[in-house]
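Down below is the structure, laid out as structure tokens.
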Amino acid sequence: GLRTLTIIKWALDMINARLAREGKPPVDIAAIPLDDPESFELLKRSETTAVFQLESRGMKDLIKRLQPDCFEDIIALVALFRPGPLQSGMVDNFIDRKHGREEVSYPDANYQHESLKPILEPTYGIILYQEQVMQIAQVLAGYTLGGADLLRRAMGKKKESVLKAQRESFIQGSINNGIEESIANEVFDLLVYFAGYGFNKSHSAAYAYIAYQTAYLKAHYFPEFMAATMTSMISDVAKISYYAAECKRHHVPVLSPDVNESESVFSVQGGNIRFGLAGIKSVGENAIRTILEARNKDGPFTSFEDFCSRVDS
């Protein structure tokens with residue numbers, strides 16, 4: 001039920017219609033590269049207005065600090081931009097580790113284990129996702145993934161009696177795997193701490209994928225993407241003005257509505273965006289349908305009198 005999925009479809013319809021006219025292959029949004037340089041440059045500049053999940057002022061500030069350069073970083077952005085991680089200092093640790101200002105360890109310089117590196121490397125040693133909590137329990141203490149999920153839930157609820165039993169099980173399993181008891185204890189404490197902030201990575205990845213697709217469309221097909229975005233907000237004057245200002249900033253004019261040029265929705269003409277008739281206040285669907293039918297049947301209107309005679313009000 002995401003509005004953004006409709007925006008992507010509308011943008012692709014316009015893009016692929018134009019590419020077909022130009023004799024070029026269509027864009028397959030499911031096949032775009034996940035390491036596109038232009039898309040990541042757009043993100044690094046915090047040019048994320050209209051980009052799914054990444055357009056709020058706070059998120060733009062976080063992006064500017066993080067400077068994402070891979071898809072895993074976008075997944076992390078979605079998970080990090082929440083009150084818990086922001087208030088705990090976890091976000092600062094993540095950014096400092098990414099940029100080499102803090103040592104990357106798995107998970108802490110004083111108690112780490114090489115087996116945790118594959119799990120924590122994508123997040124620079126920070127335990128960010130619920131799945132990482134489960135994987136650590138699986139690798140370090142021999143939990144099944146079902147058992148690890150029960151551990152994750154217990155840590156999230158922080159029930160002392162349940163946690164005590166889980167600690168004993170975790171430490172014994174770790175010792176059985178040749179892990180020092182002191183390391184197992186420290187890692188368990190860290191898991192309890194981070195489990196309160198942990199986010200579901202599969203959810204974050206799905207949102208990040210859509211965010212990346214919209215960033216890609218904005219980076220490569222700006223007029224069509226913004227026209228689709230404004231169409232999705234066609235009854236919201238404030239939003240249309242906001243996005244029109246973004247178009248102006250990118251030197252893409254939003255042309256005035258025109259009975260001979262406008263469609264019902266926002267469209268792209270010669271690289272410019274044409275205002276949609278449905279965005280005009282008090283102009284209803286029936287009136288627009290009548291105008292378009294008359295124009296399609298007998299060609300452009302030649303004068304105000306011609307318009308009045310051909311459009312049945």
Side-chain angles (χ1 to χ4, degrees), residues 1-24 26-27 29 42 47-56 210 213-313:
L2 290 176
R3 178 198 299 266
T4 307
L5 296 177
T6 304
I7 293 172
I8 291 171
K9 181 190 181 301
W10 287 342
L12 288 173
D13 287 345
M14 286 186 278
I15 293 162
N16 289 335
R18 173 172 63 79
L19 293 176
R21 291 192 300 271
E22 296 171 357
K24 296 176 182 176
V27 174
I29 198 68
L42 178 141
E47 297 277 357
T48 53
T49 297
V51 174
F52 179 64
Q53 288 284 304
L54 307 183
E55 68 173 327
S56 71
I210 298 171
Q213 288 179 339
T214 56
Y216 181 91
L217 291 175
K218 185 177 182 184
H220 292 275
Y221 305 100
F222 183 90
E224 288 90 352
F225 175 67
M226 293 305 296
T229 299
M230 286 192 281
T231 293
S232 77
M233 300 287 184
I234 205 155
S235 59
D236 189 328
V237 176
K239 279 287 188 184
I240 288 176
S241 298
Y242 174 67
Y243 290 128
E246 176 73 358
C247 294
K248 184 178 180 181
R249 210 165 58 78
H250 284 262
H251 310 292
V252 176
V254 177
L255 305 176
S256 300
D258 187 314
V259 291
N260 282 330
E261 300 290 343
S262 292
E263 302 297 333
S264 174
V265 296
F266 285 79
S267 56
V268 176
Q269 298 171 355
N272 300 321
I273 297 171
R274 176 68 70 176
F275 204 96
L277 297 176
I280 304 171
K281 193 174 181 180
S282 302
V283 178
E285 287 182 25
N286 290 335
I288 293 169
R289 190 181 307 112
T290 304
I291 293 168
L292 295 179
E293 285 174 356
R295 190 177 81 195
N296 292 336
K297 181 183 177 185
D298 297 314
F301 303 104
T302 58
S303 65
F304 184 63
E305 290 77 11
D306 180 47
F307 177 82
C308 290
S309 66
R310 287 166 55 190
V311 175
D312 183 5
S313 59

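When reading the values below, keep in mind they use all heavy atoms of this one structure, side chains included, and skip hydrogens, waters and symmetry mates.
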[X]/[Y] ion pair, N-O < 4.0 Å:
X: K297; Y: E293; result: no
X: R295; Y: E261; result: no
X: K218; Y: E246; result: yes

Rounded to the nearest 0.5 Å, how far apart are [atom1] of [X] and [atom2] of [Y]?
X: S267; Y: L255; atom1: OG; atom2: CG; result: 9.0 Å
X: L2; Y: F52; atom1: CG; atom2: CZ; result: 4.5 Å
X: I240; Y: M230; atom1: CD1; atom2: CE; result: 7.5 Å
X: F225; Y: Q213; atom1: CZ; atom2: CD; result: 10.5 Å

Is there a side-chain contact between [X] and [Y] in this structure, where contact means two heavy atoms from C-beta onward sitting under 4.5 Å apart?
X: R310; Y: D298; value: yes
X: L292; Y: S264; value: yes
X: W10; Y: V265; value: no
X: I8; Y: I210; value: yes
X: F275; Y: D258; value: no
X: T229; Y: T214; value: no

Please name the pair of heavy atoms, one in [X] and one in [Y], separated by the smallest distance, quoted to 0.1 Å.
X: L277; Y: P257; value: CD2-CB, 4.4 Å
X: S256; Y: S262; value: O-OG, 4.3 Å
X: N260; Y: F301; value: OD1-N, 2.6 Å
X: A50; Y: M226; value: CB-SD, 4.0 Å
X: A278; Y: I234; value: CB-CD1, 3.7 Å
X: L19; Y: V27; value: CD1-CG2, 3.7 Å

| query | Going by the angle between their ring planes, with limits at 30° and 60°, are Y216 and H220 parallel, tilted or perpendicular? | reply |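 Taking H220 first and then Y216, their aromatic rings sit tilted (interplane angle of 30° to 60°).
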
| message | Looking at F266, is its backbone amide N or carbonyl O close enough to the side chain of T231 to form a donor-acceptor pair, meaning the two atoms are under 3.5 Å apart? | response |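 The answer is yes, because a donor-acceptor pair under 3.5 Å joins these two groups.
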
| field | L54 backbone acceptor or donor facing T48 side chain under 3.5 Å | value |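 Looks like yes, one N/O pair under 3.5 Å.
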
| field | Derivation of the side-chain contact (heavy atoms from CB on, under 4.5 Å) call for T49 and Y242 | value | CA-CA 9 Å; T49 297; Y242 174 67; 3.6 Å; yes

| message | Can you confirm whether more than 12 heavy atoms, excluding those of E285, are under 6.0 Å from its CD atom? | response |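 At most 12 heavy atoms, drawn from other residues, nucleotides or ligands, come within 6.0 Å of this atom.
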
| field | With Y221, the side-chain contact (heavy atoms from CB on, under 4.5 Å) member among N16, V268, L12, I15 | value |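 Exactly one option meets the side-chain contact (heavy atoms from CB on, under 4.5 Å) with Y221, and it is I15.
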
| message | Please identify which of these residues, R18, K9, R274, meets the salt bridge (Lys or Arg N to Asp or Glu O under 4.0 Å) condition with E224. | response |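 Answer to the salt bridge (Lys or Arg N to Asp or Glu O under 4.0 Å) test with E224 among R18, K9, R274: R18.
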
